[in-house]
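Quick note on labels: first sequence line is chain A, next is B, and so on, each numbered from 1.
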There are 2 protein chains.
Amino acid sequence: MNATPKRLRKVILSGIRKSLLEFGSATKVELSDKLEISFPTISKFLTQMEKDGEVISVGLDESSGGRRAKRYMYNPEYMLGLAIFLERTETNYAIFNCVGEVKEQGKVPSVLVEDGLHLLTTSIEKLITAYPKISSIAIGVPGSVDNGRIFYIPGYEQFQNFDLKGFYEDYFSIPVVVENDMNAAVLGFHHNRRIQDNQSLVYLYSGQNGPGAGFMINGDVVRGSTFFAGEVSFVPQYNDRNFRQALENGTGPKEVPISQDYQIDAISRLVASFTAIINPHTIIFCNDEVEEAIVEKIALASSKYIPSEHLPDLTISDWKQDYLYGLQSLGLDLMLNQPLK
Amino acid sequence: MNATPKRLRKVILSGIRKSLLEFGSATKVELSDKLEISFPTISKFLTQMEKDGEVISVGLDESSGGRRAKRYMYNPEYMLGLAIFLERTETNYAIFNCVGEVKEQGKVPSVLVEDGLHLLTTSIEKLITAYPKISSIAIGVPGSVDNGRIFYIPGYEQFQNFDLKGFYEDYFSIPVVVENDMNAAVLGFHHNRRIQDNQSLVYLYSGQNGPGAGFMINGDVVRGSTFFAGEVSFVPQYNDRNFRQALENGTGPKEVPISQDYQIDAISRLVASFTAIINPHTIIFCNDEVEEAIVEKIALASSKYIPSEHLPDLTISDWKQDYLYGLQSLGLDLMLNQPLK
DNA sequence: TAAACTTATTAAACAACTTTAATAAGTATC
DNA sequence: GATACTTATTAAAGTTGTTTAATAAGTTTA
């Protein structure tokens with residue numbers, strides 16, 4: 001349950017941080033109104049945060065008829081985040097500040113190899129030494145993750161069933177989050193487009209291992225009972241073909257970008273299924289797989305199967321970018337929940 | 001945000017109530033441990049609640065080596081709930097206490113008619129007069145509901161876009177919840193089987209207006225962006241038939257209970273779709289539509305489409321009963337969140 | 001330009017939960 | 001059966017947020 005004053009403090013603190021970042025800057029009264037926390041409490045927190053260098057005073061507001069209010073902004077460089085993308089062929093990383101600006105981006109050899117863990121550890125160590133303000137680590141992996149433990153990662157058995165989060169939190173004493181690549185992308189899209197919470201999104205992609213989807217429903221990532229959610233390859237669509245078979249059309253290698261009519265019909269049937277089942281607000285396609293004109297064709301084709309007023313917003317986005325945003329947003333969340341020093 | 005001491009008080013109070021009902025009875029230490037609230041706070045609340053008659057002392061525990069602890073139980077008759085089921089042909093109601101025992105059950109003529117609101121109001125008035133301890137009203141309706149406002153209720157336009165919750169909360173000064181019938185049933189199943197939170201369930205049924213489904217994902221009811229979630233009729237399944245057409249097989253009136261092979265194949269394709277998309281823990285069929293032997297056939301048929309290790313638990317339940325449980329659980333929630341008198 | 005009015009901030013009294021110490025009520029053992 | 005040990009409960013002191021009153025710093029107007 002955790003309904004204690006200590007918990008309250010954490011919630012208030014992270015509320016102040018989030019509001020300052022959201023608004024860009026704010027006065028104490030604005031924060032008090034927004035967060036519905038009393039003025040003296042806001043004041044006490046802000047005084048301490050200013051002392052720590054976490055917030056900066058940026059002068060006085062114009063008077064609105066009385067004494068002028070002091071305006072504060074969050075110091076975006078106060079904490080940095082580290083995002084790491086584990087991929088088959090390479091490992092990318094990005095260091096970003098609290099407003100999402102990337103301070104440094106780079107790559108190291110893939111760590112999804114024998115003794116990769118050690119390689120990863122030394123890479124992180126170097127980065128933390130160079131940027132001591134790093135206060136969170138977000139790691140994206142091409143596998144299923146349950147609360148920081150890598151659950152199922154076909155092809156990279158040395159990481160299978162390894163508690164990456166626990167390991168690095170102990171090792172570095174910095175909060176760590178580990179998330180599946182697809183789920184991170186959905187989160188990133190959600191966060192970047194500033195979509196209201198508790199909306200539902202579907203991110204559709206053609207992976208190396210066949211098509212898949214990431215779901216966010218009511219604002220939560222969907223993992224499924226056996227972490228099988230999103231394996232849309234298996235959706236039966238025609239008398240004797242499922243989605244994957246329909247996409248491949250018996251020709252073996254898949255065609256990308258999407259262009260053929262049989263592909264469009266298969267996708268529009270999938271869109272119809274999503275709509276009839278979870279009725280999401282938005283379905284997102286990858287910009288390197290689908291073009292604008294094709295999306296329109298898919299929308300048109302879908303309306304053969306379902307009333308078009310229920311059709312979700314079909315949109316295109318940059319998967320890589322959303323993946324980064326997603327890891328950033330997960331890391332930022334960890335930072336904003338950190339206690340006052 | 002609402003991170004205030006007042007809010008804290010509410011959370012603690014409802015935590016005590018829930019724990020007492022869940023455990024049947026408890027000592028102050030047990031509550032303090034479970035809820036992670038300090039002993040003195042638990043003690044203060046319990047003293048007040050005993051004074052109000054909300055909890056009852058049921059004697060001393062056996063000693064475990066020291067002073068014997070007093071044991072308390074919740075007084076289930078302290079508050080009553082009223083559940084109302086609006087249906088086409090009749091309106092059922094049930095009055096229940098805090099442990100779910102039904103004190104009285106009955107029916108009145110359907111209120112889904114001209115001037116039905118007035119009829120409903122007087123019916124509720126009579127019940128509240130007879131049972132003044134009624135402290136919550138849960139109303140189930142065959143339509144879409146958004147925060148107590150009936151959003152879409154085909155055939156009963158007089159209720160369309162009416163804020164039933166707001167109306168009765170003003171009128172009776174008792175908290176009211178309004179929920180769609182299917183969503184209530186999913187909630188009821190979830191609550192009754194004491195399923196862990198944040199599981200995913202699908203409740204499948206053949207309504208008068210064709211088949212439909214209710215979803216609970218990660219413990220939340222899924223409504224969809226246009227309240228279209230669950231309209232699984234429209235899922236494309238064969239070259240030229242969607243789920244509804246496949247079930248009806250061109251013969252017009254549907255066959256219930258399910259028995260034919262073409263029905264089984266259609267349902268198993270739907271099961272496969274659910275699994276590949278959201279991978280739920282459980283899919284629930286209605287006991288008046290599907291028999292045990294058929295469920296086994298469906299499971300077998302589904303494994304043609306998806307790996308059977310990911311197949312959800314297929315189970316049968318009593319829809320009417322789950323609907324009642326669902327409304328009870330919604331009403332109970334309202335009661336447990338009521339402030340101390 | 002001084003009085004009246006606004007708005008921001010600080011100070012003091014209050015409320016509610018936690019922590020720690022003290023007390024009460026048992027059990028076990030020499 | 002007195003002493004040591006356990007466990008439950010109560011009491012007192014400490015934290016932390018809220019409310020309300022007081023003060024500071026502006027603006028407007030007679």
Side-chain angles (χ1 to χ4, degrees), chain A residues 1-17 19-20 23 25-52 55-73 339-341, chain B residues 1-17 19-20 23 25-52 55-73 339-341:
Chain A
M1 254 224 335
N2 225 338
T4 69
K6 257 183 198 158
R7 180 77 201 150
L8 214 68
R9 244 186 110 71
K10 288 193 77 170
V11 174
I12 292 174
L13 179 59
S14 91
I16 291 177
R17 286 171 170 156
S19 301
L20 279 173
F23 292 157
S25 70
T27 67
K28 290 175 177 177
V29 169
E30 284 169 6
L31 289 174
S32 173
D33 287 350
K34 160 98 196 288
L35 298 172
E36 299 182 288
I37 303 288
S38 75
F39 185 94
T41 299
I42 297 285
S43 191
K44 211 173 351 171
F45 274 90
L46 241 49
T47 305
Q48 180 59 42
M49 290 166 85
E50 191 175 11
K51 212 170 275 167
D52 298 342
V55 301
I56 303 168
S57 170
V58 290
L60 300 175
D61 269 19
E62 287 301 290
S63 169
S64 54
R67 176 169 171 179
R68 298 166 67 185
K70 276 179 91 174
R71 179 160 290 278
Y72 298 87
M73 66 172 278
L340 223 44
K341 95 170 160 201
Chain B
M1 254 221 338
N2 224 338
T4 69
K6 259 183 199 159
R7 181 77 201 151
L8 215 69
R9 245 186 107 73
K10 288 193 77 170
V11 174
I12 293 174
L13 180 59
S14 93
I16 292 177
R17 286 171 170 157
S19 301
L20 279 173
F23 292 158
S25 70
T27 67
K28 290 175 176 175
V29 169
E30 284 168 6
L31 288 174
S32 173
D33 287 350
K34 161 96 196 289
L35 298 171
E36 298 181 291
I37 304 288
S38 74
F39 185 93
T41 299
I42 297 284
S43 193
K44 209 174 353 171
F45 274 91
L46 242 49
T47 305
Q48 180 60 41
M49 290 166 85
E50 191 175 11
K51 214 171 271 169
D52 298 341
V55 302
I56 301 167
S57 169
V58 291
L60 301 175
D61 269 19
E62 288 301 291
S63 169
S64 55
R67 177 170 169 178
R68 297 167 68 187
K70 274 179 92 174
R71 179 160 288 278
Y72 297 87
M73 67 172 276
L340 224 43
K341 93 170 162 198

How close or far is atom C1' of D/dT10 from atom NZ of B/Lys70, stated in whole angstroms? 13 Å

With sequence neighbours excluded, tell me which residues meet side chain to side chain contact (heavy atoms under 4.5 Å, CB included) with B/Arg68. B/Leu60, B/Glu62, B/Ser63

So which protein nitrogen or oxygen atoms get under 3.5 Å of nucleotides 17-20 of chain D's nitrogens or oxygens?
residue : atom : partner : partner atom : Å
D/dT18  : OP2  : A/Ser38 : N            : 3.2
D/dT18  : OP2  : A/Ser38 : OG           : 2.5
D/dT18  : OP2  : A/Thr41 : OG1          : 2.5

Where do A/Ser57 and A/Glu50 come nearest, in terms of heavy atoms and distance? CB-OE2, 3.4 Å

Pairs under 3.5 Å (N/O, protein and nucleotides 24-30 of chain D):
residue : atom : partner : partner atom : Å
D/dG26  : N2   : A/Gly65 : O            : 3.3

Within this structure, what is the CZ-to-P distance between A/Arg71 and C/dT7, rounded to whole angstrom? 16 Å

Find the distance between CG (B/Leu31) and CG (B/Leu20) and round it off to the nearest 0.5 Å. 5.0 Å

What integer distance in Å separates A/Glu62:CD from C/dT7:C1'? 14 Å

Under 4.5 Å between any side-chain heavy atoms of A/Phe23 and A/Lys34, yes or no? yes

Side-chain donor-acceptor pairs of residues 35-46 of chain A under 3.5 Å, sequence neighbours excluded:
residue : atom : partner : partner atom : Å
A/Ser38 : OG   : A/Thr41 : OG1          : 3.0
A/Ser43 : OG   : A/Lys28 : NZ           : 3.0

Which value, rounded to the nearest 0.5 Å, describes the distance between B/Ile56 atom CD1 and B/Tyr72 atom OH? 12.5 Å

Grab the CG-P distance between B/Leu13 and C/dC17 for me, whole Å please. 10 Å

Give every donor-acceptor pair under 3.5 Å between a side-chain atom in residues 6-13 of chain A and any protein atom, sequence neighbours left out.
none

Starting at CD of B/Glu30, measure out to CZ of B/Arg71 and round the result to the nearest 0.5 Å. 4.5 Å

Within residues 25-32 of chain A, which residues have any heavy atom lying less than 4.0 Å from an atom of DNA chain D? none

List the atom of B/Gly15, the atom of A/Met1, and the distance in Å for their closest heavy-atom pair. CA-SD, 3.9 Å

